[in-house]
Amino acid sequence: MQPFTEQVITIIRAIPVGKVMTYGQIAASAGSPRGARQVVRILHTMSDKYDLPWHRVINVKGEIAITEDESRFLQKILLEEEGITLNEDGRIDLSIYRHDG
DNA sequence: GCCATGGCTAGTA
DNA sequence: GCCATGGCTAGTA
């Protein structure tokens, strides 16, 4: 496993309950400001194996970025269970819920 | 070759 | 809405 991948995993696991981080923010924290898409890939391939709180990762607009319907719905539910409120337009207020890693 | 991004622009209101 | 990007991974040889 590459150092970047390890960093990303560590960072994601450290997101507290009730908080979120964005793909780009995680990439930047892991030392690669343009590596947002790799965070996507890592979530895809590593979430199960490393027990990542994948639902606490959203895009920079505050949106759930998942395309698949079931997982999308699940993410919304998991976030709400942690006390995160989604707006009418389905967005999350990053000024409130963003975790500064 | 991929892509669950992000930042910038053009186009609408 | 477009498209440049980048680190990884699947797939071939």
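The sequence lines fix the lettering, A, B, ..., with proteins before strands; numbering per chain opens at 1.
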Fill in: Charged N-O contact under 4.0 Å between A/Lys76 and A/Glu80
yes

Between the side-chain atoms of A/Arg41 and the base atoms of B/dC2, is any donor-acceptor pair under 3.5 Å?
yes

What's touching nucleotides 6-8 of chain B from the protein side, N or O pairs under 3.5 Å?
| residue | atom | partner | partner atom | Å |
| --- | --- | --- | --- | --- |
| B/dG6 | OP1 | A/Gly24 | N | 2.4 |
| B/dG6 | OP2 | A/Val60 | N | 2.9 |

From the list A/Ile64, A/Leu79, A/Ile15, A/Asp93, side-chain contact (heavy atoms from CB on, under 4.5 Å) partner of A/Val20 resolves to A/Leu79

From the list A/Ile42, A/Leu74, A/Ile12, side-chain contact (heavy atoms from CB on, under 4.5 Å) with A/Trp54 holds only for A/Leu74

Report task. Compute whether any side-chain donor of one residue and acceptor of the other, for A/Ser71 and A/Glu68, lie under 3.5 angstrom apart. Result -> yes

Between A/Val57 and A/Thr22 the two heavy atoms that sit nearest each other are CG1-C, 4.4 Å

Rounded to whole Å, the CD1-P distance (A/Ile42 to B/dC2) equals 19 Å

note: A/Arg72, atom CZ; B/dA4, atom P; distance rounded to Å ~ 12 Å

Taken to the nearest whole Å, CG/A/Leu52 to P/B/dA4 is 17 Å

note: A/Gln75, atom CD; B/dA4, atom C1'; distance rounded to Å ~ 8 Å

At 4.0 Å (heavy atoms only), tell me whether A/Thr5 reaches a base, stays on the sugar-phosphate, or touches nothing. sugar-phosphate

Practice problem: Using only heavy-atom distances, determine whether the side chains of A/His55 and A/Glu82 contain a donor-acceptor pair under 3.5 Å. | Solution: yes

Taken to the nearest whole Å, NE2/A/His44 to P/C/dA10 is 12 Å

Here the distance between atom C1' of B/dA4 and atom CE of A/Met46, to the nearest Å, is 16 Å

When both distances are under 3.5 Å in a Watson-Crick or G-U wobble arrangement, the nucleotide paired with C/dC8 is B/dG1

Quick one: label A/Met1 by what it contacts on the DNA or RNA (base, sugar-phosphate, nothing), any heavy atom closer than 4.0 Å. nothing

Walking DNA chain C from its 5' end, the first of A/Thr45 and A/Gly35 to be reached, judged by nearest nucleotide, is A/Gly35

